[in-house]
There are 2 protein chains.
Amino acid sequence: MKRKITLKQIARELDVSISTVSKALSNSKEISEDTTKKIQAFAKLYNYKPNNIALSLKNRKTKTIGILIPEIVHHFFSTVIRGIELIANRRGYNVIVGLSNESFTKEIINMEMLANGSIDGFILSISKETLLKQDYHHFNATINQGMPIVMFDRVVNEVDCDKVIVDDFNGAVKAVKKLIANDCKHIALITTMDYVSVGRLRTQGYIEALETSGVDADSNLILKIDDSLDVENHLEILENEIAQFFKINEDIDGVFAVNELYAVTAMKVARKLGLSIPDDIQVIGFTDGVLSKHATPSLTTVSQHGQKIGEQAANLLIDRLEAADAESDQYFTNDERKSDFIKMVIETEIIERESTK
Amino acid sequence: MKRKITLKQIARELDVSISTVSKALSNSKEISEDTTKKIQAFAKLYNYKPNNIALSLKNRKTKTIGILIPEIVHHFFSTVIRGIELIANRRGYNVIVGLSNESFTKEIINMEMLANGSIDGFILSISKETLLKQDYHHFNATINQGMPIVMFDRVVNEVDCDKVIVDDFNGAVKAVKKLIANDCKHIALITTMDYVSVGRLRTQGYIEALETSGVDADSNLILKIDDSLDVENHLEILENEIAQFFKINEDIDGVFAVNELYAVTAMKVARKLGLSIPDDIQVIGFTDGVLSKHATPSLTTVSQHGQKIGEQAANLLIDRLEAADAESDQYFTNDERKSDFIKMVIETEIIERESTK
DNA sequence: TGTTAACACGAAAACGTTTTCGTTGCGAAT
DNA sequence: ATTCGCAACGAAAACGTTTTCGTGTTAACA
């Protein structure tokens, strides 16, 4: 077991100074051709690679970005990570992942753990509990310490930073309009309690689409699921709620659901009730995950392009980091350093499958 | 924008030395009560937190572990990450994620990027391309430099390190025996080309279960899918292959598939052919993901307990890291430093759902 | 012969910590 | 009055780099 070799060891071995070794390895003109060759050969032989930590300390930047998300076993979030990792790697950055598990406290702990030098900036999506509490001081504190943040998907106006969001509103509008165009007369909405902004926006899109088509939204046709219950592990609760909902509203011929689980479950329940899809009921879900693709019938969905979101977020963050580098060369007064933050909207796309005509 | 405060700044501000500040903050007895209080108050006021990078450099350990996996948009791998992150966080470690994307080269690049001081150890699962090439020098090189590795799921005998694996063989045996017990007479296997060890083990389990039950495995009943094709995006290829398979072998009354996609697709195809599940054909899949849970009918599966795998892997790695710490205090001859590596087997569990009787 | 310029290299600081080893000043003991 | 011991603090090294600023040697030039 041989530890990694350092400049100091090379220097001692070759009887030159550390500076000489460093310069030779970076092909400095200061060092003679002979010594350069000798040093480079030796370094290659012993597989010298500069120590990242030392570089980080010296350069005061780590070349790694921190991702902080509520959950990782989740198709959307993992596609976002994939997008971030793709760009990060391409631009020479590493990616460190923290999970808030939808908890306010874990979000804070995680931020503090990473904000003390471990990373150059954050890409994050806010936890449900934080959204409920509406307490965003930790984000602003981090930003004030000079660490840039890019938020995605679950964002909030109270924090001044770059944002990448899905066009939830128009995605919902498109979906519902498609149902209308497909001759649905009674379109139901299955949504969550709306403290998470994205849920609210999708609901608004649903209403908007109906109203511009001259239909009044019927509140009886809106089912709000309490997603504080552990629906994943108690599917029957969800199924029962939806079954009741369908029984009470027999005229439903279209369903728009704010996530794919609700959509797929709605299809399952409908079929148990003897309804056929898409003949009796057409269904569109938000979020294009594995469930939608492989359900029978396969589900028409509003795709959010998670990977693209991740890529854009990563590019935004790295752009800002490297702009900050360049800036430190120049002189800026506080007024000139105006940081107008970017809010990037990723368009949704309807993926048509078997659950609509 | 105020940058994070350092010991040096506190020292200057309070007109004491850096050492004094450091000691005061760690409650050293060397410093008088007065100065300690003064310094601690000042530090708290300015929210002093030690810089992780500086600590890493000094302590020669980063308190972060590197995860290197082939893919992240994948239920199994993301549950493993969740398990790792859980334990890592609990034990004071961070987690940095690299994706090999099933590519040999990206695996190496990623390892080298992280192995230069950024992390204390690896938890990884080998990429398909690496398994094909059977070239494991980068793993051994990393280990030789004193960086411990824990492998999970896709492991290989050629690398000496701790391993956490699923009991693929017995999982398959259990599944197939269940089908046999459920009166299936002609049990098919849907598997992949078997250069990935786990596929091979599951196939062997299938054969073993049949043979101990006095049935000869019929090679006609084994369908090997070439998973180098992009099956996710060309589902119809997979469906056609399975459809052909079912038509040729009309007597199939049970299916064991090595992943949930194959299993769910098999169910879909069977139903298109007019067969009912579980009455005509019973199906069991390996890997318990979202698809299995939400398919109709829901799929009986062999659960791998991905999160537990991650937790165990993290514990193994951190145990070894901290053992190495303690070891450096003591004196060891090379003979005494025997490192007998642990191979931990996580038992599988059959989750019974609607696709079996 | 004396000055200069180019060349090749080394010393040292800096990044932010922790820790070892002094070094003061002062009261008590001899 | 001298020594001792202790309390309270500071200096400096170390972790591994990069980079600025010397410094010594040699060759060229006047």
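Worth knowing before you read on, the calculation uses all heavy atoms, side chains too, and leaves out hydrogens, waters and symmetry mates. Residue numbering restarts at 1 for every chain, and letters A, B, ... go by the order of the sequence lines.
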Q. Within the structure shown, what part of the strands sits under 4.0 Å from B:L7 by heavy-atom distance: base, sugar-phosphate, or nothing?
A. base
Q: Please report the shortest heavy-atom distance between B:I96 and A:N94, naming the atom on each side.
A: CD1-CB, 3.7 Å
**Q.** Steps toward side-chain contact (heavy atoms from CB on, under 4.5 Å) verdict (A:T130, A:F139)
**A.** CA-CA 11 Å; A:T130 306; A:F139 302 132; 4.2 Å; yes
Q. Can you tell me how far P of C:dG16 sits from CZ of B:R12, to the nearest Å?
A. 11 Å
Q | Which residue lies more 5' along DNA chain D, comparing A:L57 with A:S26 via nearest heavy atoms | A | A:L57
Q.
Considering every strand and a 4.0 Å limit on heavy-atom distances, what is the contact class for B:T6: base, sugar-phosphate, or nothing?
A. sugar-phosphate
Q. Rounded to whole angstroms, how far apart are CZ on B:R3 and C1' on C:dC15?
A. 12 Å
Q: Whole angstrom is fine here: how far is it from CG in B:L55 over to P in C:dG16?
A: 12 Å
**Q.** A:K61 NZ - D:dT18 P separation (whole Å)
**A.** 13 Å
Q.
Does A:D15 have more than 12 heavy atoms from other residues, nucleotides or ligands lying within 6.0 Å of its CG?
A. no
Q) Between B:R91 and B:N315, do the side chains contain an N or O donor and an N or O acceptor separated by less than 3.5 Å? A) yes
Q. Once you round it to whole Å, what is the distance between P of C:dG16 and CG of B:N59?
A. 16 Å
Q.
If I take atom CD in residue A:Q9 and atom C1' in nucleotide D:dC15, what distance separates them, rounded to the nearest angstrom?
A. 12 Å
Q. Regarding B:N27 and B:Q40, is there a side-chain donor-to-acceptor distance under 3.5 Å anywhere?
A. yes
Q. Can you name the residues that form a side-chain contact (heavy atoms from CB on, under 4.5 Å) with A:K133, not counting sequence neighbours?
A. A:F104, A:E129, A:D135
**Q.** Main-chain N/O of B:I126 paired to B:R154 side chain as donor or acceptor, under 3.5 Å
**A.** yes
Q | Stepwise salt bridge (Lys or Arg N to Asp or Glu O under 4.0 Å) test for A:E85 and B:K106 | A | CA-CA 12 Å; A:E85 206 266 351; B:K106 270 208 75 180; 3.7 Å; yes
Q: Go through residues 110-119 of chain A and report each residue with a non-hydrogen atom lying under 4.0 Å from DNA chain D, sorted by number.
A: none
Q | Nearest non-hydrogen partners of B:D340 and B:R320, listed with the distance | A | O-NH2, 3.8 Å
Q) When every nucleotide of nucleotides 5-14 of chain C is labelled 5' to 3' by its protein contacts under 4.0 Å (heavy atoms), B for base, S for sugar-phosphate only, - for none, what sequence of letters results? A) ---BBBBB-B
Q.
Please report the distance, rounded to the nearest Å, between OH in B:Y48 and C1' in C:dG16.
A. 7 Å
**Q.** d(NZ, B:K49; P, C:dT17) in whole Å
**A.** 12 Å
